[in-house]
Colleague: 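One structure coming up, written as structure tokens, with questions to follow.
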Amino acid sequence: GCNSSTSGGGDSKEADKGGEIKIGANLELSGGVASYGQSIKEGIELAFEEINKEGVNGKKLKLVPYDNKSDAPEAITGATKLTSQDKVAAIIGAATSGNTKAQIEIAQSNKVPLLTPTGTAEDVTFKNGKLNDFVFRTCFIDPFQGTVAANFALNELKVKTAAIFIDSSSDYSKGLAASFKELFTKDGGKIVKEEAYVAKDTDFHAQLTNIKGAKPEFVFIPGYYEEVGLIVKQARELGITAPMMGADGWDSPKLIKLAGKAALNNTFITNHYSSGDSDPKVQEFVKAFKAKYSDKSPDAFNALGYDSAYFIADAIKRAGSADPEKIQKALAETDGLDLVTGKMKLDDKHNPIKSAVILEYVNGEQKFKTKVNP
Amino acid sequence: MKSMKHVKGFWLSIVLAIIFSVVIQFLITGGTLNSFYVNTLFSIGINIILAVSLHLIIGITGQFSIGHAGFLAVGAYASAIITMKLALPFPLALLVGGIAAAFAGLVIGIPTLRLRGDYLAIATLGFGEIMKIVFLNIDYVGGASGMTVSHLTTWPWLMACVLITIVVIINFTNSTHGRACLSIRENEIAADAMGINTTYYKVMAFVIGAFFAGVAGALHAHNFYIIQPANFGFLKSFDILILVVLGGLGSMSGSVIAAILLTIISTFLSNYPEVRMLIYSLVLIVMMLFRPQGLMGTKEFTDLLKIGKGAKGGSQDVNKQTIA
Amino acid sequence: MEQLIQQLVNGISLGSIYALIALGYTMVYGIVKLINFAHGDVFMVGAFIGFYSITVMDLGIFPALLVSMAACALFGVLIERIAYKPLRNATRIAALITAIGVSLFIEYGTIYIRGAQPEAYPDGIVPLKSIDLFGVSISGQSLLILGVAIVLMILLQYIVHKTKIGKAMRAVSHDQDAARLMGINVDNTISATFAIGSALAGAAGVVFGIYYTKIEPLMGIIPGLKAFVAAVLGGIGIIPGAMVGGLLLGVIEALVSAAGFSLWRDGVAFVVLIVILIFRPAGLFGKNVREKV
Amino acid sequence: MSTNKPLLKVDNAGIRFGGLKAVSEVNLELLKGELVGLIGPNGAGKTTFFNLLTGVYVPTEGSILLDGEKLNGMAPHKITKKGISRTFQNIRLFNDLSVLDNVKIAYHTQAKHSIVSSILRLPSHFAGEREMEEKAIDFLKIFNLDDVLYEQAKNLPYGQQRRLEIARALAAGPKLLLLDEPAAGMNPQETEELMNLIALIREKFDLTILLIEHDMNLVMGVCERIYVLDHGQLIAQGTPVEIRNNPKVIEAYLGEEVS
Amino acid sequence: MLKVNDINVYYGNIHALKGVTLEIHPGEIVTLIGANGAGKSTLLKTISGLLKPKSGEILLEDEHVAGKVPQLIVKRGISHVPEGRRVFANMSVEENLELGAYLRKDKNGIREDFEKVYQLFPRLQERRKQLSGTLSGGEQQMLAMGRALMARPRLLLLDEPSMGLAPLLVKTIFRIIEEINQTGTTILLVEQNANMALSIANRAYVIETGKIVAAGTAAELGESDQIRKAYLGGH
Ligand SMILES: Nc1ncnc2c1ncn2[C@@H]1O[C@H](COP(=O)(O)OP(=O)(O)OP(=O)(O)O)[C@@H](O)[C@H]1O
Ligand SMILES: Nc1ncnc2c1ncn2[C@@H]1O[C@H](COP(=O)(O)OP(=O)(O)OP(=O)(O)O)[C@@H](O)[C@H]1O
Ligand SMILES: [Mg+2]
Ligand SMILES: [Mg+2]
């Protein structure tokens, strides 16, 4: 046995020593879903750069990244390190609900705010009638988008039958599907086929053939663009012409490349924002992002990472301190903060109340359809 | 008389280990060790159990099994069900975790252990993946999103499990039963011809190894708050395999040292997330290139201590390196 | 019925990809007896080289394929010389760990250089139409893949069994010193093996990119593993075995998914693997050569 | 001693590999205490015959009886426990283990302590291990290997490796010992020492020995009877003198004159 | 033809050959006898380039070949039939023979040599398509020799060709060695079976723990009491 403790470290919760405020980022930088974590990190870094031009309360934000290797135990090690070793003021992360949930206990017991940009599972912030008061998120929770999609399918597209194709390794996908299904069937629609895949799959022909056989009028695919792009492409190749719909997970310029412009026609998504949105806030973000990352268009992960950074910066500003507990209070009181993905207000379960938009893909462009308020 | 010396060194190590654990316990309760270090210590402990249990299968019995994460998963889930679903006490969960994994070892071992070399490897790897997929598909244990588990793993339990694992495996190895396993590793046909029931001992090593991997699973589940099938894929099995090989195939102290060292390296590298895996992979490659026989070769820690006392021949020529 | 046939077609297309990767895998294994876990990553590198050849260098599909194969061949030889050659006399398990290290290094090296985000192969680079046969749609690309796989299999089988270099490879695989005594340059022969195997992986990468569009730095892990399973299924080291193993695996996966158990797909694939190994411990085509006592 | 009841009785035994009849219709009887030779051209099926006796291969025809008990299809380790043990044509020692451990492993079948007692280090473990160690050391003394007890087997010179293999086979406590070309690779001097050793252990352990060897000095020198195998079939049996002058044997195996 | 001059060879720190010097003239059969582990195989491996001597020189017709790779040495006309046969078990007899001619380009010559080898060893022709791993020991020995002959060597190194062979075959093998020699191939023969070896050799060397301890014509050494006692058995 060795591992001698090198730094004893004081007990004081001073994350703002030396004119810096340390913010941890516990993200999936390697492993299975490395691309999510890396996108979020890019968004955060861009935001920090901007924020640090002025500073927060006269201090600069310093990002302390941690790679949780897309693995829950690693995420815990990371959270432990960030709280006890680096003594950060808050943690941003993780990208997935599972790796976020793994950190909850540590955030709670160390009283350090944990903000997940993209962990959409309902029970991240609120579980068994109990609020995890140190846990926050920047994204919607699943039921909202699922409901919006069901309403849209029934009322706008006027379809009666639908198939659902979910990523069963993702709470996000399952959550959306569940709420979609509930509303869709309640209001008279019929689910004719449910199929599933697992993230990182590349071949969906078998399931799509089954879906085709069930002849649905509408296909709901609440997944992430990496798979959805291929699904849409393969579905069209197999001759599925029905409208398809998904959610914010689709939002990435890569989707268009993966699926192909033609295949994407007659597909819809619900989203936080539209990168084609004329809103100056959005346009500025897109411009800044492209400038920093060699002309790459931002995806939803980039945007949510970016927003998460602003979300925290705002709270620190209002708290007037880098004390994690004060930041936690400020985060909880956020109301009307203007972000790229919409105006931010938290409900009492720490879920953002944001409006959603519905977009349609037309020849590879996102066309704004409607805005839905919660 | 050689074994007598072993016995003395053995008890000495046990006493030292107990003193060490008590000291650490004081440091933890006194708050001198912050939770990051404590967490690292816990990871080390769990990795030691995993490495030592796989050492029995690969290093001693010579069965190339690369699905160890499967047993880890079985132990983790079984124990989590005990505490979280059935609300039974943690010690029972440890035991059940071990037994469930041992049972899995038996079930998979009997048919597959007649395979050899790489075929066995791929079959065990397949087994590990099957376990993962089974848990992925059982909604009772949360499917892909997994199960949240209370933090019940404590330092004394961890240390006790580590010590028991080491003691049992040393005692097993240094007996006629362990030698039977060694003989299988050395030459299975000759072992058979000497009357060793090779199937029995292969399965036995597999079951014992799986049992402790299961115990490690229980400790793992109750240390990391959440278990998900994705934590137990073949890459996790590789991680364990790497510990055993890097330590030196056939050397238990090697496995232990590798578990300690690699966990620390990996923790240290977390300060450099962008290059973490890059450096880790380089460490692996470089270590293998410069010490293909692993850190300890086939020697044990106790052998090193004995060098001064003029060890009786034999073990000197372990670093057999054929000319290039 | 129509659906079943469609599913079989789906499976065969998927299986051809596995087969394509498995061919190189099994060949390297057959000669060097090393489970080259980095094979899947060479496949990934091949896909990226093909991608950049097409998008950045504006090459056509066949030139891109050749560039990718050549670059991967070189890359494979480089890997062998740096990482595996020094371990020729070490235990096989040490070489395996090195292979795992190399695999991780390639994956995270690629991520370090270009990030983890996926990339999409440009659309319509192979102007092949799908064929519709009685409601079963067969994409031209999947036919192409199957064709490429079969041609490469025959070519490989020919190289290994009929040509001089192939015989040298087999001699080296069995006994390096004895091979030296025949005047065979063992180092070059092993390099040739890696070159051919890696070129095949490169080809598979490009074909994969064309067929599935999406490529990313970790894309080699799962197909690599599946290809290895396919190779073992067919009898590792046996070239036609890799082909059959790949197709079988693809069809099994498609059928399992078709039956509505898509989440059990990999599980079933592994169960089939284990069952086959129990009854045929050296794979479908493998001769169970027991050590002569 | 009941001389009329054979220790080993092989009835019409044979095995084929694909189309090749490696051994066929072999009938052979060994009486207790005999030292019998098995000779024949290369590829005649001698080693294969040993493999049949020890369960490495299962005969595709005929039967093998040891003390009246049928061995066909029995697992090799069970056959060893019934009392047949062997050496190998190409030495198969436990290379990385010590000389002492090599022999101890052969004593394993006689171990009385269970896995549990070993894990818990119960007194029966210590007693059992001590007994094994003592027995093994005593035994190695007979083979003059007691000064290399802790040497790894692979580091021994060739001659000692051969002796160790015989020692190990004997430690398994056989009634019938099968030696596959024990003198291969030895020079005439070493071969002679080996002959003496074989004679010695037969006396001392009350063994029946079946011996494959190409060295005619050795075979003719120590064997009481000889069987000759060719193309998988027995072509002759008899005393050394009979065999030496058997025209069939001369033609198939010995060549015109024996040096 | 071949001159080995004061070579030293090590395995790690084991000094296996200690200043060995010997000479082989064209057309001779020279035999090297010695006990187990004396260094006979080591010497052959060093000549054929599998091992590199630490010091000393090996001259093949005035060309330095010590430390050269086997490939070059085979090309210069030395073929080595290694101890334990080392045939390529998973290849057919025919393929093994083809590999023997690996460095040769002359198709016709190779075909002729196939015929020659099959004449010397009719058994090999019978088993042309059989995987060599399933051949019996004697058959494998024939194959190993045939394979070496396929390189059309001028100097053939034979390492214990009679090991494990039936008496009739031993005679056959020795007869064939003489035949090969008569067609003009020089032979260096390592043997345990010293009686036989001396009976066909012109000259002999005796090696003991890495050193040459005696040399002379086969007849001289066969007479020597000391040699008789140590290597030829007390008969
Ligand atoms: N596993 C096997 N598969 C196919 N053929 C085999 C197998 N084992 C042995 N044979 C064949 O059976 C025959 C007998 O072989 P065996 O090894 O018994 O000969 P042997 O009499 O021991 O010869 P030697 O004296 O050379 O050792 C040979 O022709 C050999 O090729
Ligand atoms: N690969 C090796 N590593 C270390 N030592 C070796 C190796 N090969 C041979 N030796 C040692 O070198 C010495 C000479 O061995 P060599 O094989 O040349 O003997 P030999 O005369 O051919 O004996 P044999 O009659 O047994 O074939 C021996 O002491 C042997 O132990
Ligand atoms: Mg034999
Ligand atoms: Mg030799």
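Quick note on labels: first sequence line is chain A, next is B, and so on, each numbered from 1. All heavy atoms count here, side chains included; hydrogens, waters and symmetry mates do not.
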Colleague: If you compare all heavy atoms of A:S30 against all heavy atoms of C:Y108, which two are closest, and at what distance to 0.1 Å?
Modeller: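 Smallest heavy-atom distance, with atoms named: CB-CE2, 3.1 Å.
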Colleague: Side-chain contact, heavy-atom cut-off 4.5 Å: A:K254 with C:E119?
Modeller: yes
Colleague: Is chain A contacted by the side chain of C:Y211, its backbone, both, or neither, given a heavy-atom distance below 4.5 Å?
Modeller: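 Contact with chain A involves both backbone and side-chain atoms of C:Y211.
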Colleague: Given side chains that start at C-beta, do those of C:K214 and A:E227 come closer than 4.5 Å, heavy atoms only?
Modeller: yes
Colleague: Would you name the heavy atoms of C:S257 and A:A206 that are closest together and state the gap between them?
Modeller: CB-CB, 3.4 Å
Colleague: Could you report the tightest heavy-atom contact between A:S35 and C:Q117, atom names first, then the distance?
Modeller: O-NE2, 3.6 Å
Colleague: Between A:Q38 and C:A116, what is the shortest heavy-atom contact and its length?
Modeller: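 Shortest heavy-atom contact: OE1-N, 2.8 Å.
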Colleague: Check each atom of C:I222 against the heavy atoms of chain A and say whether the ones under 4.5 Å are side chain, backbone, both or neither.
Modeller: neither
Colleague: Should the ring pair C:Y212 and A:H205 be called parallel, tilted or perpendicular, given that the plane angle runs from 0 to 90° and is split at 30 and 60?
Modeller: tilted
Colleague: Identify the two heavy atoms, one from A:N210 and one from C:A258, that lie closest to each other, and give their separation to 0.1 Å.
Modeller: ND2-O, 2.7 Å
Colleague: Please report the shortest heavy-atom distance between C:Q3 and A:G213, naming the atom on each side.
Modeller: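 C:Q3 and A:G213 have their closest heavy atoms at NE2-CA, 3.1 Å.
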Colleague: Are side-chain heavy atoms of A:D203 and C:E253 found at a separation under 4.5 Å?
Modeller: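 Result no, sub-4.5 Å side-chain heavy-atom pair not found.
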